Each structure stands twice: as C-alpha cells, then as structure tokens.
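A short write-up of the structure that comes next.
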2 protein chains.
Amino acid sequence: MTRPIALTIAGSDSSGGAGVAADLKTFAALGVWGRLAITAVTAQDSAGVHAVEPVSVGVVVRQIEVAAAGASALKVGMLANAMIARSVGDALGRIQPRNLVVDPVVRSSSGAILLEGGADVLLPMLGLAAVVTPNLAEAAALLGVAPAATRDEMAEQATALARRTQGAALVTGGHLDGDTAADVLVSDGGDRVTWLEAPRIEGGDLHGTGCVLSAAIAAELAKGVGLVAACRHAKSFTSAAIERGMAAGLGSVSP
Amino acid sequence: MTRPIALTIAGSDSSGGAGVAADLKTFAALGVWGRLAITAVTAQDSAGVHAVEPVSVGVVVRQIEVAAAGASALKVGMLANAMIARSVGDALGRIQPRNLVVDPVVRSSSGAILLEGGADVLLPMLGLAAVVTPNLAEAAALLGVAPAATRDEMAEQATALARRTQGAALVTGGHLDGDTAADVLVSDGGDRVTWLEAPRIEGGDLHGTGCVLSAAIAAELAKGVGLVAACRHAKSFTSAAIERGMAAGLGSVSP
C-alpha cells in the first residue's frame, strides 16, 4: 500500500517555521509523503525577513511538472512575484489538480512583502482551487475591500471568495477580538457556512500558522477526507501545533 | 524546555526523497527542530535530475548566518558548485560549529553531477567537521584514489579522512558486495575503528539514503548523543527508513 503524496509550491524560510519546511513537517506528521516546488529562497529569523531570492520561472514550473505527477493534493503558498504567480497559475491550469489548496500569502507575519504586485495576480488561480485559505487581511486584499471587522463581514467575504473557487473558502479570524479563535468555512460554492472554533491561545499569533493550516488541509484531502472534515482536522492540528511550538520555545508553530 | 535545533545546508529535491526535504523529515522524526539553508533548487523524479538552479552565494551565506544562531548541530549536503562550497566553508569557519556533519555530495544516485568542480573544494571544510560521511565513490574522490574494493581499503580510506577532520569519518559501504551492508566509522582522529553492520536490503540502494544518514547523525548530535552512538542510531534509523520507503512504494527512503 503506497502512502498518499502531497506537493507544496511555496517559498523556503530558513528558520523552518513557515514555508516549505512547515509544510513538509505537517505532511509528515499527518502521514503523507511531501514533495516540494520552491518559488523563492528566504533568510528569516524571529526579527524578520533578511533576504528574498525568487527562483527563475522555468525552474519553478519544471519542479511542479515533475512533482505533481501522482500527487493527491497540491498546496500553493508564497509565490514571490506576479511573473511566478502567473506561471504557476498556467501550470496548474494544465494540470487541473483535483485537490488544490491556495494559501494567498501576501505578507509575512512580520510585515515583509512576500508577493510583489499584490493579491490580484492570484485571482485566476482561485477558479482551480478546492479551497482558498486567507486570513482577514488576505481576504480583503483578494476582494479589494476593507478587512472584516465582524463575524458577519467575515462570512460575507468567505462567501464571495467561495463563489470564485471550485468550492470553498476558509477565512481565518485569528486577528478578530473574541474569546475563541473563529474561522469561517463557506463551501458548496457559497451555500454552506461552517464556523470552526478553537480556544484562543494567548500569544498564539505565531509565525507559520497559515502555512501549517493550509498544509494540513492538503494532507487530509490527499488522504481522501472530505473538505469540511479536512478543515476541522487541520484547525485542531494547527491549534495543537501552536501549543507545541510555544511549549518548545520556538516562536513558531511546531508541526 | 526547548527542543534542540539542527540546520541543514543543502539542495532541494522536488521529489522529497533527498536534500532538505529528507533532512527536515529526518530531524522531525528524531524530535529535533529543523532549519534550512538552501544552496540549489532542483527538479527531480525517479528518472533523474531535470533542472538545477544554484542559489546566489550571498543568499546562501545569509541563510546560514541567520539560521546557525542557536543551532546545536549543522549538516552540509549538496553545494552545487565551487563558489558556493568555498563561501559555505568560509561561513562555517567564522561560525566554528561544534557538531558539523559533512556529507560530501558529488553526484546523485542517478549519476547527475551535484558539485561542479569536483570534490577537492570540500577539503578545507573537513577540518571543521565532527564527522564526514562519504560513500565509497565520494571517499575515493576526496582522497584522489580508486574506490575501496575491500573492507581493509575502506578502513584505510576512512582513517585517512578521519585525520583530516576534527574527529571522524564514516565511510558507507552499501555498494560493496556482501551479505551485510557494512559501514566503517573511524573516530578519535583515526585511532578508533568501529564497523556498523546491518542486514543488506535487496533493492535497498535508494535515492536519499546518504541524506537521511547524515541528517540522522546531526539530529543525534544535536540531542547531545556521543559520536559513535549517534552514528549507530543513525544507521539503524536509515535502515528502518529504507524498509518503510520500499513498503510505501516510494523508491526513496522514508524518514
């Protein structure tokens, strides 16, 4: 019996807390074989992003072409610039992956720009995605509106994004005030709304959270888990990973 | 209590079977937090190496500088070319890492050149290494001699390499004929010879074996395990990983 395979298309973060390292650790923890297509190499530590070098477009696409064969799920993270984003979108259009998770990375948690040219270049890719997983700022950037300030606005923005995908949008509300960390999943093309709640962890807004969450969804989809259950499992996994990371003193989630 | 940290300085392999992916999976499986400094991005599958793009020297060094701080062990793998090898050697000379494992990668298991300019550029780095982990072909290339054909010759070459390091050389003999897969570890600067035996696994000459072995040694050293025990644990871990990979139908070791 062969293990399911997931492919991450993302940048590398030298601290190991985000990007392909977080994705590969998450895939492994969830029993999935991880492949990788690197879009950019970065030097990062807890103080911020010190260097970013995009990979040439041809090599990004070549990695995807050879690594997507046989993969049961794909995840897209940092794409660095508009040229890479367009070429990755074109490659995915040719591949037509069944289980594509798009994490629309625009900035690092420290504020550094991780996608030059802005979120608009990601819009064509959304039509290929099983689910897109923005945080509040990323959802607003994709839609060209102000960030949601209430749960109703979160659900509205998730619905608008779900209509642009093949199926679903999960908007993470970790930055909204409240006793719980609530994410909203709108699926079935906008018709089904599911709130995912977890106890708010004090100081839990850690480097790499979005990478781990989207990688965990991709891993669950690769194993054949349905979308709503995959998002629930991924949210639980990420909450536990945040607690592990804090317990280990890493300043990052710890899959 | 914080988790020990290990840093891999190596290339990425899109198949996830070798390079930084194999290293990060190995570190995670052994309970160590993995960081990474990418030297080159490659597109690979079971048919071979389809593309190699070296990272610019400045960004390689910047990743090492930010990621080596606080790391308890470092591992060096694919360095792509002489310019990167020299700069990594210079950076390591400034850092003076306590637990440095050098895997002198020259060619892929499919025969592709992964170090332009040959093995000589790795020689200055050996003086910084706690242990160097060549296979038979790499040991011969480092020493400028023919590959060992007998166990006596393996031990001689390991002794010669141990004299060039701060301590030890582990020459892996997976390609020598015999009922067992025997590796020889020469430590204490050349004075102590330890044979590490494991049952030979039919068809077990898999992609990524050397990466997993050297990463497992680094992980054990990061946890404070002594050198000989670290090499023993790493050999057992790698044998089990080869069996897991074959059982999973991956054509790669499976940490």
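Chain naming here is simple, since letters A, B, ... match the order of the sequence lines and numbering starts at 1 in each. Since this is a predicted model, take the numbers as computed values, not measurements.
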**OP:** Supply the atom-to-atom distance B/R3 CZ to A/R244 CZ, rounded to the nearest 0.5 angstrom.
**Re:** 7.5 Å
Subject >> Heavy-atom proximity to chain A below 4.5 Å, by part of B/T42 >> reply: backbone
Subject >> Top of B/A29, B/G70, B/G17, B/G16 for chain A proximity - count of heavy-atom pairs under 4.5 angstrom >> reply: B/G16
**OP:** With a 4.5 angstrom heavy-atom cut-off, could you sort out which part of B/A37 is near chain A: side chain, backbone, both or neither?
**Re:** neither
**OP:** List the atom of A/S14, the atom of B/A67, and the distance in Å for their closest heavy-atom pair.
**Re:** O-CB, 3.8 Å
Original post:
When rounded to the nearest 0.5 angstrom, what is the spacing between CZ in A/R35 and CG in B/L250?
Top reply: 8.5 Å
Subject >> Contact origin within B/Q44 toward chain A - heavy atom pairs under 4.5 Å >> reply: backbone
**OP:** Tell me, yes or no, whether the heavy-atom count around A/E65 atom CD, taken from other residues, nucleotides or ligands under 6.0 Å, exceeds 12.
**Re:** yes
Original post:
Closest approach of B/V55 and A/V41, non-hydrogen atoms and distance?
Top reply: CG2-CG2, 3.9 Å
Subject >> Reported CG-to-CG distance for the pair A/L36 and B/L24, which is rounded to 0.5 angstrom >> reply: 9.0 Å
**OP:** List the atom of A/W33, the atom of B/P255, and the distance in Å for their closest heavy-atom pair.
**Re:** CZ3-CD, 4.4 Å
Original post:
Considering all heavy atoms of both residues, which atom of B/Q63 and which atom of A/S12 are nearest to each other, and what is their separation?
Top reply: OE1-OG, 4.4 Å
**OP:** Go through A/A28, A/A43, A/A51 and name the one with the most non-hydrogen pairs under 4.5 angstrom from chain B.
**Re:** A/A43
Original post:
Do side-chain atoms of A/E53 reach the backbone of B/V59 as a donor and acceptor pair under 3.5 angstrom?
Top reply: no
